[in-house]
Structures are given as structure tokens and as C-alpha cells.
There are 2 protein chains.
Amino acid sequence: MPGDRRPYRRESEETRREALIEAALDLVAEGGAQAATVRAIADRAGVTPGLIRHYFASKDELTRAAYRRLMERMTADSGAALDTHGAGWTASERLAGFVAGSLRPPVVDPLRLGLWAGFLNAVRADAGMRAIHEQNYHAYRDRLEGLIADLPRWADAARCRADAIACNAVIDGLWLEGSALPEGFAPGELERIGLHTVSAILGLPLNPPNLPSSSPPPEGPAP
Amino acid sequence: MPGDRRPYRRESEETRREALIEAALDLVAEGGAQAATVRAIADRAGVTPGLIRHYFASKDELTRAAYRRLMERMTADSGAALDTHGAGWTASERLAGFVAGSLRPPVVDPLRLGLWAGFLNAVRADAGMRAIHEQNYHAYRDRLEGLIADLPRWADAARCRADAIACNAVIDGLWLEGSALPEGFAPGELERIGLHTVSAILGLPLNPPNLPSSSPPPEGPAP
DNA sequence: GCCTTTGTTGTACATTTGGATAATTCAATA
DNA sequence: TATTGAATTATCCAAATGTACAACAAAGGC
């Protein structure tokens, strides 16, 4: 039956690269690094294997692109609320928003954890992967340190750095916990624990900002 | 050259299983799950591939045995100081010893992290692996919760459980940080941050017990 | 000292799988 | 309509996978 040829469909380079990267990420998340074969990636992306090498010099290059995408997404998702609503927030609210954003979906997600674990060995083995990792990891921590430095309290640079390390560790730990045992925490519990603990580290009360979606403004009665 | 046959060496079942499990763990730690092939494991253990199936019904069973070993070791290593010197310690010292033990080598170790990541997907996919995981994970957290419940403070069971979850998360996070970036922390820094943060969560000062190896008794001047 | 038992070796098997690539087909654009 | 390059198909070749099995070597009972 030679008639079942895949319908020829022409797409932009942007779309194809996007689809391939997304397919690779999905597969690593679900089945680890060994699940992301060129055949599986092409299949998931809705193309044929040959096309991968048309857009990426090798499979390793696709892997690196996928990892870069993952890391960028982690930082971006954590600060998403800040970027959209944080203009008028106080420094304390901005930090709280960043912490809370790091501790709820989509950042906290079992698939993200699998993804992260699936890439871990490749990051250790491949120098290019390591470079991508370092760069994006520091971008996250620097952003956190900047938010801490803006707080209305007296603290020198060394203290800010130490606090950022501790807070980062707490956030990472809660992220790990929440992602590994999603049913182990009530909705919002992770964020509460995170904010409480960060408050304790900094010696400063930290209240989450009111998000438009989570709590409506008080002028209207509940329907 | 037919003379290079491996010298026949007969060992106890205990020794062989041990060697095979250890080899499997080493390989997963270094190169991820896909590096632990039957040939590589046999090679590392100093035997020939055929022997694996003499001691384990399948490769999966060896994998499960290796994962069980890893999990048991994590809890045991964390509480090693307690088990040897903790007899006369106060409840606060025992908790501090457990926290500190979880945040230094050999528990904190890049290879352990790689090991943990290498097993993550298998744990998600295989029901047997999942059972092993649950069992040992709860053993760790229950031990932590027990140490917290013994503290000289008033706290109901719910509070103890919540505190144990938060402390566990902090410990896991610092473990992750310290294992992923071993050069990012000064010696002992991780334990200090952990004790400080756990103290903040519990609202209780926590001092590390004097270990015979870490700080000598005060009767002798420093050489 | 033979003989059964069992740990151990070496190898072969059957299959799957890996990434890569050559040749071909098809749609869009000029 | 001619040209171009994205996309498909089929295949290559090698390497590696878990498993099975027959030959081999040492204990230990008798």
C-alpha cells in the first residue's frame, strides 16, 4: 500500500524548529534522555526523521537547543507575574511574587522535574550543555539576588549574596518536593511554605501581592 | 591467542551480588541509566555477563536491587553520626546531627545526584521501583518527624508534620544545591545554612553536637 | 578418588536501534 | 513554466542490547 504517504506540508523555519524542540522536550520529560531518538522526535513533531538534519547540524545540536529552551522557560515562568503585573509593586511584593511564581505550575510540575533529571548527565558530560546551564542558572540567581537587594532593610552585598543562596536553595528544594510529590501538598501550600521560610531567612515579613486572577478587588461582592 | 581466559574465581553469593549492585550504581552515577548495560556492569564488577542472570532473574531485577541499595544508603548515611555517637545527645542535638549529616558527604555528592537523576524515570515508569521509592522516602521523613516531635517545645501532631515537610524540603533543596554545585559552598557552609533555616522554621535554636572528629574536646591546646 | 552439583565463563543469537544520507517528490514563488 | 528548496521516503551500516546456552572449573559429598 504505497498510498499512505505523509501529506506534504510546507512550514516556516521558525515553526519547524519550534516543533522539533518541543517534541524533544516532551520526550525527555516523559521517558528520559534515551527516549528522545531522532525517530521519536520526528514522529512527535509530525515530520519525518530526515528533516531534523535539515534544521540542525546534528542531534546533539538539537539537544542543546532544547535544553537552552528549558532553562530560559524556567526563569521566564518564575517571573511571569512580575513582568505582567509587577510594575506598581513594592520590592517586597516583587520578591514574594517571584518566589511564589517559582513554586506553582508550570514551574512546579512532575514533567519539568523529569526533564531536568533527563538532561543532568548530558550537562555534566558535554561542555556546550554545561555552558548553557551556567549561564541560565546564574541569570536566575542574579535576578533573585537583585530582588533581595532592593528590599527595605539594611544588608551589605555579602549578606545579600548569602541570603540569595539560601533562598535559592529553599526554592529549589520546594520545587523538587512539589514536583516529585505533586499530591503531597495542598494547592498553595508550597508557596506559603516558601514565603514563610524566605521570610525567616531574611528576617522580614513577606506578603504575596494580590494577583488579579487569584483574589478579586474588594469593590464587588462575590457572585 | 586462546590463553587469555579470565581466571576462574569462585565467590560467595553475598560478594557477587554486592559487586554487581555496586557496579550498577557506579555506572548509573557516572553515565546515567543508559550506561548501565549488562556488559558494562559485568565488566565493572569483574565478572562475565552471563553471571548476572545467575544471580538476578533479569536486568530489571538487578536495577531494582541497586535502587533499593541507594535509598537505604541515603537514610543510613544521614543518620550515621546519630547511630554511633547520639546515645547521650539531647533531642535538639540529635535533630541537628541528622540535619548536618544529610548535608555533608557522602550524602551530598555530585555522583549521588547523578544517581538519583538516573533512576528518576525508571521510578516513574516501573511500579516495583515506585514501591521501593515510597517506602524509603517515607522512612526518611518519618525519622525526621520523630526527631522533631521529640523537641522540647509545644507542638501538636499536625504542626510536627508540617514542620517535617518544610524541613525535609529545605534539606532536599540544600542537598540538591550542594550536590549540583559542590564548589559553590565553603566547607560546612551548607550545614550551617541548613541548621539556621531549620531553626527558623521550628522557632527554636539548634546547635550542632560536638563530633569527636570535627572539633576536639577543649582540654588540649591546638597543636 | 570419583561424581554430582553449582558457580563461572565465553560466545552466539536475534532483535532492536542509533544517527546519518541519497534520491525523490512536491509546493511555492518568480 | 522553470526554478528552488523544503520535506518525504527508503535505506545504510554499524553498534549495542538483553537473553540463552553449552562448555568449563572447582567444591564437597560419598
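All heavy atoms count here, side chains included; hydrogens, waters and symmetry mates do not. Just so we're on the same page: letters track the sequence lines, and every chain starts at 1.
Between L27(A) atom CG and dG18(C) atom C1' the separation is 15 Å, expressed in whole Å. Atom-to-atom, CD1 of I41(B) to C1' of dG18(D) comes out at 11 Å; the value is rounded to the nearest Å. Atom pair R53(A):CZ and dA10(D):P shows a separation of 20 Å (rounding to whole Å applied). For the pair I52(A) CD1 and dA20(C) C1', the interatomic distance rounds to 11 Å; values are reported in whole Å. Rounding to whole angstrom units, CG of residue L20(B) and C1' of dG18(D) are separated by 15 Å.
Residue whose closest nucleotide on DNA chain C sits further toward the 5' end, between P49(B) and Q34(A): P49(B). Between T37(B) and H54(A), the one whose closest nucleotide on DNA chain D sits nearer the 5' end is H54(A). Sequence order on DNA chain D of the closest nucleotides to L51(A) and S58(B) puts L51(A) first from the 5' end. Toward the 5' end of DNA chain C, the nearer of the two residues P7(B) and A36(A), judged by each one's closest nucleotide, is P7(B).
One distance of note links CG of L190(B) with OG of S102(B); it measures 10.5 Å at 0.5 Å rounding.
Remark: Y140(B) pairs with F98(B) by the ring pair (Phe, Tyr, Trp, His ring centres under 6.0 Å) rule, at least two apart or across chains.
Residue contacts shown for T48(B) include a base, since a base heavy atom lies under 4.0 Å away. Among the heavy atoms of the strands lying under 4.0 Å from R39(B) is at least one base atom, whether or not backbone atoms are also near. Note on E13(B): nothing from the nucleic acid sits closer than 4.0 angstrom, heavy atoms only. If you check every strand for non-hydrogen atoms under 4.0 Å, F56(A) touches nothing.
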List the atom pairs, with distances to 0.1 Å, where a side-chain N or O of residues 25-35 of chain B and a protein N or O form a donor-acceptor pair under 3.5 Å, not counting sequence neighbours.
residue: E30(B); atom: OE1; partner: R44(B); partner atom: NH2; Å: 3.0
residue: E30(B); atom: OE2; partner: R44(B); partner atom: NH1; Å: 3.3

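Between H133(B) and Y67(B), the ring-plane angle classifies as parallel under the 30° and 60° cut-offs.
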